There are 2 protein chains.
Amino acid sequence: MNSEANAPTPIEPMRRETQAERFERIYKVIRERISVLEYGPGTVLNEGLLSEEFDVSRTPIRSVLQRLNYEGLVTTRNGVGTIVTEVDVKTFKDIYALRMRLAEDMSVLSPVAPSPQMLNEFHRLREKVRKLREGPPDHKAYARLCNAVHEQQLELTENKVLAEINDLLYYRAARVWLAFLPNIEWDEVLEILENEIADTTRALELGDMHGVGNVRRQNLFIILKTIGRFLVGV
Amino acid sequence: MNSEANAPTPIEPMRRETQAERFERIYKVIRERISVLEYGPGTVLNEGLLSEEFDVSRTPIRSVLQRLNYEGLVTTRNGVGTIVTEVDVKTFKDIYALRMRLAEDMSVLSPVAPSPQMLNEFHRLREKVRKLREGPPDHKAYARLCNAVHEQQLELTENKVLAEINDLLYYRAARVWLAFLPNIEWDEVLEILENEIADTTRALELGDMHGVGNVRRQNLFIILKTIGRFLVGV
DNA sequence: TTGAGGTAAGCCGCATGCAGCATCGGAACC
DNA sequence: GGTTCCGATGCTGCATGCGGCTTACCTCAA
């Protein structure tokens with residue numbers, strides 16, 4: 001078939017996927033499904049079905065689910081299945097309070113100088129939000145966009161450990177916000193997001209990393225307050 | 001044998017250990033061994049040997065090792081074994097910088113009012129340090145004491161998520177300090193620890209939670225600086 | 001003596017069979 | 001009709017055999 005010179009693929013000539021790479025791939029797929037509420041809280045994940053879908057045995061699937069378990073996204077119950085967690089109000093508040101602090105820390109501890117590529121990426125994300133505003137509500141697309149913004153924000157610190165923890169906390173509680181979207185005006189939701197991106201970009205262009213942290217912090221606060229409006233009775 | 005009234009064990013009448021409990025037990029044993037340098041950096045852990053020691057198959061041992069892997073305490077390499085990680089200098093600094101911030105956060109976010117039991121516990125710990133100062137250097141006992149102090153400090157916040165993260169970061173990097181102990185005067189090491197406990201107790205008695213955070217922060221700074229003395233050449 | 005190549009042993013990653021647990025529905029009894 | 005018990009079903013947890021990877025040692029040749 002192939003080989004025999006010709007060099008059709010200069011780099012990565014048919015390299016098979018590593019174990020670790022496959023694990024990471026499956027992990028991220030399932031995590032995203034949880035984060036965009038494709039697997040909503042209470043959903044029961046079946047090891048057998050997942051192993052069929054990803055064409056591996058139950059063993060590696062179990063590894064992935066165990067990791068998601070440690071990260072608080074699912075809980076596994078013997079004889080039943082692996083269940084996507086509900087985030088209780090107290091935990092949600094704890095996480096957001098902490099994320100607000102960490103947003104400041106990020107700009108204090110080891111901020112990175114904003115690169116042109118990064119600015120470009122933020123502009124691109126803002127454009128995507130604008131596109132989304134024109135169409136009808138699409139919560140999944142919105143969620144994916146939030147994930148992408150989050151991904152970029154992780155790049156703003158050189159402190160890898162801090163970035164890791166931010167990542168953990170984001171995926172652990174961000175989906176609560178998604179669950180509240182139906183109660184909120186669609187355009188308002190997107191305006192909040194676009195504002196955050198715009199403000200962040202502005203601060204980045206000025207090299208004002210402290211400002212970037214404040215924007216993030218303020219945004220988390222807005223989300224916390226907005227959700228709080230619906231929790232007064234609880 | 002038993003049963004037939006008599007009630008020899010009023011509570012927990014011969015209840016077998018749950019899966020989760022066994023997992024937690026094995027996990028904590030291995031984590032402690034790593035944290036007190038019984039398994040020093042570079043040590044190769046063998047799934048087969050561990051499964052013999054704990055009298056289970058390789059499967060649950062693998063679960064525990066995978067968790068330790070996610071937490072950054074070990075890395076598993078195919079065909080070789082599970083290796084206790086070395087903490088590189090940069091990561092160490094990142095973690096301590098973060099822990100210093102979190103020490104403040106702990107007293108700001110959700111401090112708990114100090115209870116008499118807690119004060120008692122701190123007094124007890126201080127007594128233990130005094131005992132340790134009288135004897136010859138015993139790094140393992142010192143390490144266990146540090147773990148115990150850490151455990152108590154986790155009780156100082158009601159923010160469970162914050163406590164979790166503190167725990168993760170502590171076990172991930174605290175053993176670096178232990179590795180430097182041979183370079184430092186034994187009595188100085190214990191004095192630092194006793195001072196921290198004493199200062200913390202004093203602040204707790206005054207209900208000054210902010211002070212507690214500052215004491216913790218200052219102590220982390222001392223450790224960071226002390227280690228820094230030996231890293232100038234690196 | 002030194003270097004390289006090959007071989008053998010040991011370990012982890014995966015697949016799979018089996019046992020224990022949880023749940024649901026039907027049947028039997030009150 | 002309502003309730004309780006029990007059996008069937010399906011799922012996760014565990015044990016284990018096998019394949020692939022890594023490494024160390026031994027051999028042989030330069």
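Model, not experiment: these values are computed from the prediction.
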For the residue pair Y170(A) and S35(A), establish whether any side-chain heavy-atom pair is separated by less than 4.5 Å.
no
Could you go through residues 76-83 of chain A and list every donor-acceptor pair under 3.5 Å that involves a side-chain atom there, pairing it with any protein atom two or more places apart or in another chain?
residue, atom, partner, partner atom, Å
T76(A), OG1, T82(A), OG1, 3.1

Are R67(A) and Y70(A) in a cation-pi contact, defined as NZ or CZ under 6.0 Å from the six-membered ring centre and within 45° of the axis?
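No, cation not above the ring by the 6.0 Å, 45° rule.
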side-chain contact (heavy atoms from CB on, under 4.5 Å) partners for R144(A), two or more places apart
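Once residues adjacent in sequence are excluded, the partners of R144(A) under the side-chain contact (heavy atoms from CB on, under 4.5 Å) criterion are E32(A), V36(A), E38(A), K140(A).
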For nucleotides 8-16 of chain D, read 5' to 3', which letter fits each nucleotide if B means a protein heavy atom sits under 4.0 Å from the base, S means only the sugar-phosphate is that close, and - means neither?
--BBBBSBB
When rounded to the nearest 0.5 angstrom, what is the spacing between CD1 in I61(A) and CD1 in I26(A)?
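With rounding to 0.5 Å, CD1 (I61(A)) is 4.5 Å from CD1 (I26(A)).
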Please report, rounded to the nearest Å, how far the C1' atom of dC11(C) is from the CD1 atom of I61(B).
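For the pair I61(B) CD1 and dC11(C) C1', the rounded distance is 15 Å.
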